[in-house]
Amino acid sequence: NSTVLPGLLILAAMLAGGPPAPAQPLPAPPPVSAGAARTLNDPIFPSLGQLGLDVRHYDVALTVAEPGTPELSGAVTLTLAATRPLAEVRLDFYGPTVTAVRWNGQAAPFRMEPDRQKLVVTPPAPLLPGQEARLTVEYQGAPGVILDPDFSTPLRLGWQAVPAGEGGAGANFTLSEPQGTHTFLPTNDHPSDKATFTTRVTVPPGFTAAASGLEGAVVEGSGTRTFVFTQAEPIPTYALAVHVNRFERVMAPPVPVGANGAPVVRRDYFPVGTADSTRSAYARTDEMLRVLSGWFGPYPFGAYGVAVVTPPLPALETATLSTMPVRSSNERVAVHELAHQWFGDAVSPATWADVWLNEGFATYAELLWTEAQGGDGQAVAARWYAILAQGGTRPLVATQAGQLFDRSAYQRGALALHALRAAVGDAAFRAFLHAYTARFSGKSLTTADLLTFAHTQVGGAGEAALRTWVESPGLPPLPVPAH
Ligand code: MET
């Protein structure tokens, strides 16, 4: 799982000592208090989230006074509901020092559990099912460090800082999958609790902020500019994009691929000085939107584009605004991240063990795009098959963190869809994909849910083809669809 840098224990200790002790004795524990400490018990990241907590909306205000440094200050108001009585609210947070917590506008007792990366807030009375509350958290300082162990070069998740001088004037951005969002935002940091976001980012003059959602008017302050974004459809916490840079924002004509042909706003953000060879990877986004929506159904959000970043990191499908490193700026990765808007951002995995539902579908989009260009899709499938035959494979539901983004999640996941397509034919496969996105957009599902849904949509033969690829310990035969 995530590794905490020992040096950052200093931050942890600081956080532990920071908040004041609760001003008054805690209320007598109601019978529900034991349940209040329960996490979502994710099979891969068991400490994430809180059972029974439903965050509906995050109203986020971030101030980045010195872009390129890690420091930020934040104020977030979460709209909370509960599916069981909660005597405490336990948010994932490993961020800057908390300076204030309010429950429905009134100061509320809180404490940090840095070892568990939790901010624990005690409301005046338990939050009950059917109620809604507003929880405000203010914080300031440097985010915590959560390393992702899946990569040979350890990847620091969450809030990124690109110092001035490294080919730019200083930049910050989020790269959070799977569990980095709580380095800069107190969240129920799990894809089973999706939420909408309003994101306000205040930056110095000359800098531009970008974030997931539709952009509103820029508010000019005294020596600051505040950019406001509305993400109106629920997304998983890891999919929230926030970027600060000296950006050039490039608008393109809207593309009518939303629900009932609604126009999708097109904008890309390129750091000033981005090479044409990088920008050219995004020249065909309009065509990609048309091809993929033809297969998958209406594009699920109001906008799409990319924000290019300079560090050599993995690309990430941040909602409405994929985060694209310069080195991944090619059409294959561009179409992969675009496909994730449907699979990952709109239709999300219920647990991290189900993340192949994101990666398999997004990888399959690469084959569909190849075919749309007149290329040989079966050759793409055969290459994936050879990779798995050589490198080994596993059943698709992950059992450990190191499997989340491995070849089985990507290539075997994609071949599972190729097998479904081979079993039912192109027309039924396309109808299945449309029905799947219509049914699960805005929601989260397990692999078992997919198989059940496949059975109802395409019948036993289709489900069996998919199930073989999901469950078989070895490598099933290469599927060959008839066209
Ligand atoms: N979901 C990313 C992709 O596009 C990978 C993230 S790595 C933490 O493949």
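Remember, it's 1-based here, ligands and their atoms both numbered in the order they're listed.
Selection from Glu317, His336, Gln179, Met324 by nearest heavy atom to atom 2 (C) of ligand 1 gives Glu317.
Between the side chains of His190 and Gln50, no donor N or O sits under 3.5 Å from an acceptor N or O. A donor-acceptor pair shorter than 3.5 Å can be found between the side chains of His243 and Thr323. With 3.5 Å as the limit, one finds no donor-acceptor pair spanning the side chains of Thr274 and Arg279.
Numbered from 1 in the order shown, with element, the atoms of ligand 1 that lie under 4.0 Å from a heavy atom of Ala315 read 2 (C), 3 (C), 4 (O), 5 (C). Those atoms of ligand 1 that come under 4.0 Å of a heavy atom in Glu337, given as number and element, are 3 (C), 4 (O). When each atom of ligand 1 is checked for a heavy atom of Tyr410 under 4.0 Å away, the hits are 2 (C), 3 (C), 5 (C), 9 (O).
Checked by distance only, ligand 1 and Glu177 come closer than 3.5 Å through their nitrogen or oxygen atoms.
In this structure, Tyr364 has its ring center under 6.0 Å from that of Phe429.
Neither the backbone nor the side chain of Pro178 has any atom closer than 4.0 Å to an atom of ligand 1 (non-hydrogen atoms only).
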Run the numbers on Leu62 and Val242 for side chain to side chain contact (heavy atoms under 4.5 Å, CB included), then give the verdict. CA-CA 9 Å; Leu62 296 177; Val242 180; 4.2 Å; yes
